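Contents: one structure, followed by commentary.
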Amino acid sequence: MKGLPAPRGEVADPLCDCHWQEAAVAWWRPLCEQQPFGGGWLESGPAALLHRLPFRIGAGPVTVSTREPGEAGADCHAAGNVSPLLLSGAAAALGRLARAAPQRLAAAAQWPPEQGAWRRNGIYVTGDYPRGRHAAVHAAFLDAGVLLNPDHAGPNVLPGIASPGEWQLLKRLLAAHPGA
C-alpha cells in the first residue's frame with residue numbers, strides 16, 4: 001500500500017513507501033529523487049541499504065551499505081569467494097551510472113511527476129492502479145512494443161535516449177492505460 005511503512009523485517013522501497021527512511025533496511029534506487037547520487041542521505045536514513053546493481057550477467061551482485069562498519073555483520077553473510085568478474089562488472093556498472101546520471105535525469109525530467117495513473121520518481125515510473133489491471137496494461141504496452149516490469153509493484157525505468165516518436169508513443173501509452 002502506498003504511504004504505509006514496510007512491515008517489520010521487509011525491505012522498504014523509496015518508490016512506494018514514503019516512510020522508507022524510518023525502516024531498518026531499504027532498497028537503494030539509483031537516480032531516485034529521494035536518494036541523491038553520492039550517498040549523503042545515508043546518514044539519516046535506514047541503518048542498511050541493499051543495492052541491485054545494473055549489471056548484465058545474471059542477476060548481478062546484491063551489495064549492502066551500512067552507516068556503521070560491521071553493523072550488518074551478524075545478519076549478512078559476505079561471500080569471500082565473490083567472482084572478480086562480478087566485482088569488476090559491478091564497479092564498471094556503477095561508474096557508467098555515475099557518468100550517465102546527469103543525462104538520464106535530464107531525459108526523465110521531460111515527464112511530469114504525475115501522469116494519470118502513473119507516478120514518476122527520478123528515472124522510475126510506477127503504476128498507481130489496482131493490481132488486477134496490470135495484466136491488461138502490461139499486454140497493451142507489449143503489443144505496442146514497450147516492455148513494462150511484469151510485476152505490478154516493480155518500477156519501470158524511463159529510457160535515457162529515445163527518438164521524438166518513441167517519446168510520443170510512450171506518452172500516448174501512459175495517458176491511455178490503464179484506462180477507466
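It should be emphasised that the depicted structure is a prediction, and the values quoted were computed from it without experimental measurement.
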If I take atom [atom1] from residue [X] and atom [atom2] from residue [Y], how far apart are they, to the nearest 0.5 angstrom?
X      : Y      : atom1 : atom2 : result
Cys32  : Trp20  : SG    : CH2   : 7.0 Å
Gln103 : Ile161 : CD    : CD1   : 5.0 Å
Leu50  : Trp28  : CG    : CH2   : 12.0 Å

Minimum heavy-atom separation for [X] to [Y], with atom names?
X      : Y      : result
Val137 : Pro178 : CG2-CB, 3.3 Å
Gly127 : Arg119 : O-NH1, 4.2 Å
Ala162 : Pro159 : CB-CG, 4.2 Å
Pro30  : Leu97  : CB-CD2, 3.2 Å
Leu169 : Ala144 : CD2-O, 3.7 Å
Glu33  : Arg120 : OE2-NH1, 2.8 Å

With sequence neighbours excluded, tell me which residues meet side-chain contact (heavy atoms from CB on, under 4.5 Å) with [X].
X      : result
Asp143 : none
Ala109 : none
Leu147 : His138, Leu142

TODO: List for me each residue that meets side chain to side chain donor-acceptor pair (under 3.5 Å) alongside Asn121, sequence neighbours excluded, and say none if there are none.
DONE: Gln34

Open item on the list: So, using side chain to side chain donor-acceptor pair (under 3.5 Å) as the criterion, who are the partners of Arg104 when residues are at least two apart?
Closed with: none

Open item on the list: Testing Leu174, Asn156, Leu170 one by one against Val146 for a side chain to side chain contact (heavy atoms under 4.5 Å, CB included), which residue passes?
Closed with: Leu170

Scan [range] for pairs that pass salt bridge (charged side-chain N to carboxylate O under 4.0 Å, His left out), counting only residues two or more places apart or in two chains.
range            : answer
residues 152-176 : none
residues 149-158 : Arg131-Asp151
residues 106-118 : none

Task: ring-ring contact (aromatic ring centres under 6.0 Å, His included): pairs with one or both residues in residues 92-118, sequence neighbours excluded - done: Trp111-Trp167, Trp118-Tyr129, Trp118-Phe141

TODO: For Arg29 and Leu31, indicate whether the former's side chain and the latter's backbone hold a donor-acceptor pair under 3.5 Å.
DONE: no

